[in-house]
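So the structure is just underneath, and the comments pick up after that.
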Amino acid sequence: MIASERFERAAVLGVAVAEETRRLLRHHLASPEEEGGDGTVLVDVPYPDAAVLTAVLDVAAECFGERGDSVEEARQAALETLLQLAGFDGESQLDPGASAGS
């Protein structure tokens, strides 16, 4: 396998992991109206999904080189990057609610 194929497969895997992370968070999102003043949303993810998300965020933090004063800060930074990869906004093609072709 040539290097470009390896990078392409890694990119596809990365987007898939990011999308699965987004799906898990959305699944456990109780009320989107419970948004903080700064736009943050608290999502309570129960076990076993919480264990999966913790592992994914730890790996993502390592891969992205995220650092923080605590493990939680590194995980939060990794989560923000993952959600950007998954296009967790209204313009994302990955967002089922996004309008196509706008």
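For the single chain, residues carry numbers from 1 onward in sequence order.
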Exercise for review: With side chain to side chain contact (heavy atoms under 4.5 Å, CB included) as the test, would you mind laying out the steps for Val56 and Leu82 before giving the verdict?
Suggested key: CA-CA 10 Å; Val56 166; Leu82 273 173; 3.9 Å; yes
Exercise for review: Take Val45 and Leu24, measure what side chain to side chain contact (heavy atoms under 4.5 Å, CB included) needs, and give me the verdict at the end.
Suggested key: CA-CA 8 Å; Val45 180; Leu24 282 172; 5.8 Å; no
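Annotation for Ala78 and Ala61: closest pair CB-N, 3.6 Å, computed over non-hydrogen atoms. The shortest non-hydrogen separation linking Ala74 to Glu66 is O-CB, 3.9 Å.
A distance of 5.5 Å separates CG of Leu53 from CG of Leu25, quoted to the nearest 0.5 Å. A distance of 5.5 Å separates CD of Gln76 from CG of Leu79, quoted to the nearest 0.5 Å.
Applying the salt bridge (charged side-chain N to carboxylate O under 4.0 Å, His left out) rule to pairs touching residues 43-53 yields nothing, sequence neighbours excluded. Every pair tested for salt bridge (charged side-chain N to carboxylate O under 4.0 Å, His left out) that includes a residue from residues 3-16 fails, sequence neighbours excluded, so the list is empty.
Residues passing the side chain to side chain donor-acceptor pair (under 3.5 Å) test with Glu72, sequence neighbours excluded: Arg75. Contacts of Glu73 classified as side chain to side chain donor-acceptor pair (under 3.5 Å), with partners at least two apart in sequence or in another chain: none. Taking Arg23 as the reference, Glu20 meet the side chain to side chain donor-acceptor pair (under 3.5 Å) condition, with sequence neighbours excluded. For Glu62, the side chain to side chain donor-acceptor pair (under 3.5 Å) criterion is met by no residue, not counting sequence neighbours.
Linking Ile, Leu, Val, Met, Phe, Trp and Tyr whenever their side-chain heavy atoms come within less than 4.5 Å leaves Val12 and Phe64 in two separate clusters. When hydrophobic clusters are built by joining Ile, Leu, Val, Met, Phe, Trp and Tyr residues whose side-chain heavy atoms come closer than 4.5 Å, directly or via intermediates, Val52 is not grouped with Val71.
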